[in-house]
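Proteins come first, then strands; the chains are lettered A, B, ... in the order of their sequence lines, and each starts at number 1.
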There are 2 protein chains.
Amino acid sequence: MNIGEASNASGVSAKMIRYYEEIGLIRPMGRTGNNYRVYGDEEVHILRFIKRARNLGFSLEETETLLKLWQDKSRESAAVKEVATAHIGDLERRIAEMQGMVKTLKHLAHCCGGDTRPNCPILDDLAGDGAVGGDASAPAMKRKTKQHA
Amino acid sequence: MNIGEASNASGVSAKMIRYYEEIGLIRPMGRTGNNYRVYGDEEVHILRFIKRARNLGFSLEETETLLKLWQDKSRESAAVKEVATAHIGDLERRIAEMQGMVKTLKHLAHCCGGDTRPNCPILDDLAGDGAVGGDASAPAMKRKTKQHA
DNA sequence: CCTTGACCTTCCCATGATGGGAAGCTCCAC
DNA sequence: GTGGAGCTTCCCATCATGGGAAGGTCAAGG
């Protein structure tokens, strides 16, 4: 199987497959005489594992950890659960942060006429003029991962 | 006022102030004889506007739009509201996406013993073995912005 | 046999917003 | 005049991904 077929079978782009190899997330693949990478069902399975982990929002680093645990037949399930629960906590923190933004924004948008007049409570809030805005002061934590498009 | 004072007064790091100037978000500042940038209350006000917009999750591009609307005294509040509501929609989409992940992950974590045994439904799901996992298939939209730390 | 097009390879660059740090200048206080 | 704090510019790193160029390879069809 060439990289294109492996890509189709796994849902991971060829570009990303090469990248994962480069950063050591997956082992360097064997090559044919023409220098093409060769993949088998095993590799496709691993790529799909990675794909699914990414879809659940795990970073590549976390995915690597999970991958190693998956391949370690003597792992303790507690280790896996710990990674998962930490990630859940992370997601929930980010969700709460964004919900705070939404709450404030909805309030401001509700107060804004949205017509042809220039008067606008949203801008007033951003400018710090009004005491309208809610709690958008906490700078928030760094984003850990980004979803692919 | 030097850049350090402007930074303190606005909550925007000196590094970012220079960056905002570089990308044209704020006008290049006047310099003193020693080549130091000089800031006044007006500039600090603008920086705080930017800071607040960023805290509400607006991208720098959206922030620029809002900034221009703010400075355009003949704006129509509808234009501002449109930017805000689009951003709300964006946030809500991302929240829903992450909530989907959380839901799936919580279910999986709940099913996982989290003990010393290797058996783990979380890994089984990632491996695609079980029919346990929920809907983490939709690839999701690109992240538009990232919160600073 | 040769062309065409679809693959594959590597390499570099861009994204978005931010921080880190080096090298070199200035300014102020002691 | 010296030390340290603050300013300047410049380059690099992050995280995960895509875009694209330049060049090799292969299979099918003329």
Colleague: Rounded to the Å, how far apart are A:Met1 CE and D:dC26 P?
Modeller: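 In whole Å, D:dC26 P and A:Met1 CE are 19 Å from each other.
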Colleague: From the options D:dC7, D:dT17, C:dT18, select the nucleotide whose nearest atom is closest to the side chain of B:Asn2.
Modeller: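 From the listed options, D:dC7 comes nearest.
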Colleague: Any carboxylate oxygen within less than 4.0 angstrom of a Lys/Arg side-chain nitrogen, looking at B:Asp90 and B:Arg94?
Modeller: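 Counted as a salt bridge, because a side-chain N and a carboxylate O are separated by less than 4.0 Å.
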Colleague: Is the shortest side-chain N/O distance from B:Tyr20 to OP1 or OP2 of C:dA17 below 4.0 Å?
Modeller: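 Result: no.
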Colleague: Just to confirm, is there a sub-4.0 Å distance from OP1 or OP2 of D:dC26 to any side-chain nitrogen or oxygen of A:Asn34?
Modeller: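 Looking at the OP1 and OP2 atoms of D:dC26, one of them is under 4.0 Å from a side-chain N or O of A:Asn34.
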Colleague: Can you check the A:Leu60 CG to D:dA16 P distance for me, whole Å?
Modeller: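 After rounding, the gap between these two atoms is 4 Å.
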Colleague: Is the phosphate of D:dG18, meaning OP1 or OP2, less than 4.0 Å from a side-chain N or O of A:Ser13?
Modeller: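 The answer is yes; a side-chain N or O of A:Ser13 sits under 4.0 Å from OP1 or OP2.
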Colleague: When you measure from the side-chain N and O atoms of B:Arg54 to the phosphate of C:dT18, is any distance below 4.0 Å, counting only OP1 and OP2?
Modeller: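 For B:Arg54, the contact criterion (side-chain N or O under 4.0 Å from OP1 or OP2 of C:dT18) is met.
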Colleague: Do NZ/NE/NH1/NH2 and the carboxylate oxygens of B:Glu43 and B:Arg37 come within less than 4.0 Å?
Modeller: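 A salt bridge is absent here (no side-chain N lies under 4.0 Å from a carboxylate O).
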Colleague: Could you state the NZ-C1' distance from B:Lys51 to C:dT18, rounded to the nearest angstrom?
Modeller: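 Taking atom C1' of C:dT18 as the reference, NZ of B:Lys51 is at 11 Å.
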Colleague: Check step by step if side chain to side chain donor-acceptor pair (under 3.5 Å) holds for B:Ser77 and A:Asp115.
Modeller: CA-CA 6 Å; B:Ser77 66; A:Asp115 49 36; 3.2 Å; yes
Colleague: Counting side-chain heavy atoms from CB outward, which of D:dT17, D:dC7, C:dA17 is closest to B:Met16?
Modeller: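 Selected nucleotide: C:dA17.
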Colleague: What is the distance from CZ of B:Arg18 to C1' of D:dC11, rounded to the nearest Å?
Modeller: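 My rounded result for the distance is 14 Å.
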Colleague: Rounding to an integer number of Å, can you tell me how far A:Glu22 CD sits from D:dC15 P?
Modeller: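 Going from CD in A:Glu22 over to P in D:dC15 covers 14 Å.
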Colleague: Using heavy atoms to find the nearest nucleotide of DNA chain D for A:Glu61 and B:Val38 separately, return the residue whose nucleotide is more 5′.
Modeller: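 First, find each residue's nearest nucleotide; the 5'-ward one identifies B:Val38.
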Colleague: Think A:Tyr36 has a side-chain N or O under 4.0 angstrom from the OP1 or OP2 of D:dC26?
Modeller: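 For D:dC26, neither OP1 nor OP2 has a side-chain N or O of A:Tyr36 closer than 4.0 Å.
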Colleague: Please report the distance, rounded to the nearest Å, between OH in A:Tyr19 and P in C:dT15.
Modeller: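 Atom-to-atom, A:Tyr19 to C:dT15, this comes out as 18 Å.
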Colleague: To the nearest angstrom, how far is A:Leu47 atom CG from D:dA16 atom C1'?
Modeller: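 Taking CG of A:Leu47 and C1' of D:dA16, I get 15 Å after rounding.
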Colleague: Ignoring backbone atoms, establish whether B:Arg31 has a side-chain N or O less than 4.0 Å from OP1 or OP2 of D:dT9.
Modeller: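 Affirmative; the distance criterion is met.
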Colleague: May I have the distance from A:Glu5 (atom CD) to D:dA27 (atom P), rounded to whole angstrom?
Modeller: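 About 12 Å, once rounded to whole Å.
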Colleague: Between the side chains of A:Lys68 and A:Glu64, is the shortest nitrogen-to-carboxylate-oxygen separation below 4.0 Å, so that they form an ion pair?
Modeller: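 Counted as a salt bridge, because a side-chain N and a carboxylate O are separated by less than 4.0 Å.
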Colleague: Charged N to carboxylate O under 4.0 angstrom, B:Arg27 versus B:Glu42?
Modeller: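 No salt bridge links B:Arg27 with B:Glu42.
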Colleague: The side chain of A:Lys15 lies closest to which of these nucleotides: D:dC7, D:dG19, D:dT17?
Modeller: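 Nearest to the side-chain atoms of A:Lys15, counting from C-beta on, is D:dG19.
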Colleague: Are OP1 or OP2 of C:dT10 and a side-chain N or O of A:Arg37 less than 4.0 angstrom apart?
Modeller: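 Yes.
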